[in-house]
Amino acid sequence: MKYLGLDLGSKTLGIAISDASNTIASVLKTIRFSDEDYQSLIEPLKEILINNDVKTVVLGYPLNMNGTVGVRAEICLKFKEMLEEQLNVSVVMEDERLTSVISNQILIEADLSRKKRKKKVDGLAAQIILQSYLDRKGGIKNER
């Protein structure tokens with residue numbers, strides 16, 4: 001069983017996936033969608049879950065810097081419910097404060113242009129979210 005990491009934005013969904021040993025997260029892809037049309041993400045995610053034997057999704061939880069729940073965090077909680085109900089998958093919320101900032105810094109250090117960074121930042125943020133979860137869990141072993 002693998003884990004899927006998600007970074008939900010208003011127009012993009014960054015997706016990362018764990019390796020078979022659940023120790024390393026890698027960028028899988030970024031899905032672009034119409035502004036806040038989260039329902040359109042269900043079918044592509046269903047396909048990814050099935051094709052990769054994913055039973056648990058780690059969804060970035062964008063808390064405010066002071067730890068309070070803001071508008072984006074509320075949207076993520078609703079998306080979590082949507083995924084659980086429509087895809088019958090377990091969804092874990094992972095604090096994602098500063099992941100986009102970290103992602104952008106990594107891409108700047110890699111000397112990518114602003115245009116290229118914009119295309120890669122969401123997938124990298126998803127990778128950081130998932131890797132953070134995997135590291136905290138201590139390299140969860142395959143649960144077959």
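The structure presented is a predicted model; accordingly, all values stated were derived computationally and were not measured. The figures that follow rest on heavy atoms only: side chains count, while hydrogens, waters and symmetry mates do not.
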Quiz prompt | Path from Leu130 to Ile48 over hydrophobic side-chain contacts below 4.5 Å | solution = no
Quiz item: Quick one: CG on Leu77 to CE on Met82, what's the gap to the nearest 0.5 Å?
Solution: 12.5 Å
Quiz item: Is it true that the side chains of Gln131 and Asp135 contain a donor and an acceptor less than 3.5 Å apart?
Solution: yes
Quiz prompt | Asp7 side-chain N/O to Ala125 backbone N/O, donor-acceptor pair under 3.5 Å | solution = no
Practice problem: Give a yes or no on whether Ile24 and Val27 share a hydrophobic cluster (residues Ile, Leu, Val, Met, Phe, Trp, Tyr; joining criterion: side-chain heavy atoms under 4.5 Å apart). | Solution: no
Quiz item: Heavy-atom count around Asp37 CG within 6.0 Å, excluding the residue itself: above 12?
Solution: yes
Self-check item: Inter-residue atom distance Leu41.CG - Lys46.NZ, 0.5 Å rounding
Solution: 14.5 Å
Quiz item: Measuring from Ser132:OG to Asp95:CG, what's the distance to the nearest 0.5 Å?
Solution: 8.0 Å
Quiz item: Is any side-chain heavy atom of Ile75 less than 4.5 Å from a side-chain heavy atom of Tyr38?
Solution: yes
Quiz prompt | Side-chain (Asn52) to main-chain (Lys2) donor-acceptor, under 3.5 angstrom | solution = no
Quiz item: Any idea which heavy atoms bring Ile31 and Pro44 closest together, and the distance?
Solution: CD1-CB, 3.8 Å
Quiz item: With respect to Leu6, which candidate in Leu28, Val58, Val91, Leu45 satisfies the side chain to side chain contact (heavy atoms under 4.5 Å, CB included) definition?
Solution: Leu45
Practice problem: Go through the steps for Tyr3 and Ile17 under the test side-chain contact (heavy atoms from CB on, under 4.5 Å), then give the verdict. | Solution: CA-CA 6 Å; Tyr3 289 82; Ile17 193 160; over 6 Å; no
Quiz item: Do Ile129 and Tyr61 belong together in a cluster built from hydrophobic side chains that touch within less than 4.5 Å?
Solution: no
Quiz item: Is there a donor-acceptor pair under 3.5 Å between the side chain of Asn66 and the backbone N or O of Thr68?
Solution: yes
Quiz item: How far apart are the closest heavy atoms of Phe33 and Ser40, and which atoms are they?
Solution: CB-OG, 3.6 Å
Self-check item: Same cluster (ILVMFWY, side-chain, under 4.5 Å), Ile50 and Ile15
Solution: no
Quiz item: What distance separates Leu134 CG from Glu94 CD, expressed to the nearest 0.5 Å?
Solution: 9.0 Å
Self-check item: Test item: Thr56 and Val92 side chains (from C-beta on) under 4.5 Å apart, heavy atoms
Solution: yes
Quiz item: Linking I/L/V/M/F/W/Y whenever their side-chain heavy atoms sit closer than 4.5 Å, directly or via other members, would Leu124 and Leu13 fall into one cluster?
Solution: no
Quiz item: Under 3.5 Å, side chain of Asn64 to main-chain N/O of Gly67, donor-acceptor pair present?
Solution: no
Self-check item: Nearest heavy-atom neighbours spanning Pro62 and Cys76
Solution: CD-SG, 3.5 Å
Quiz item: Do you know which two heavy atoms are closest between Gly5 and Ala126, and how far apart they sit?
Solution: O-CB, 3.7 Å
Quiz prompt | Nearest-0.5 Å distance, OG1 of residue Thr12 to CZ of residue Arg32 | solution = 6.0 Å
Exercise. Could you verify whether a donor N or O on one side chain and an acceptor N or O on the other, from Gln127 and Ser26, lie under 3.5 Å apart?
Key: no
Quiz prompt | Derivation of the salt bridge (Lys or Arg N to Asp or Glu O under 4.0 Å) call for Lys78 and Glu74 | solution = CA-CA 6 Å; Lys78 289 177 184 169; Glu74 288 287 343; 5.5 Å; no
Quiz item: Roughly how far, to the nearest 0.5 Å, is the OG1 atom of Thr30 from the NZ atom of Lys11?
Solution: 15.0 Å
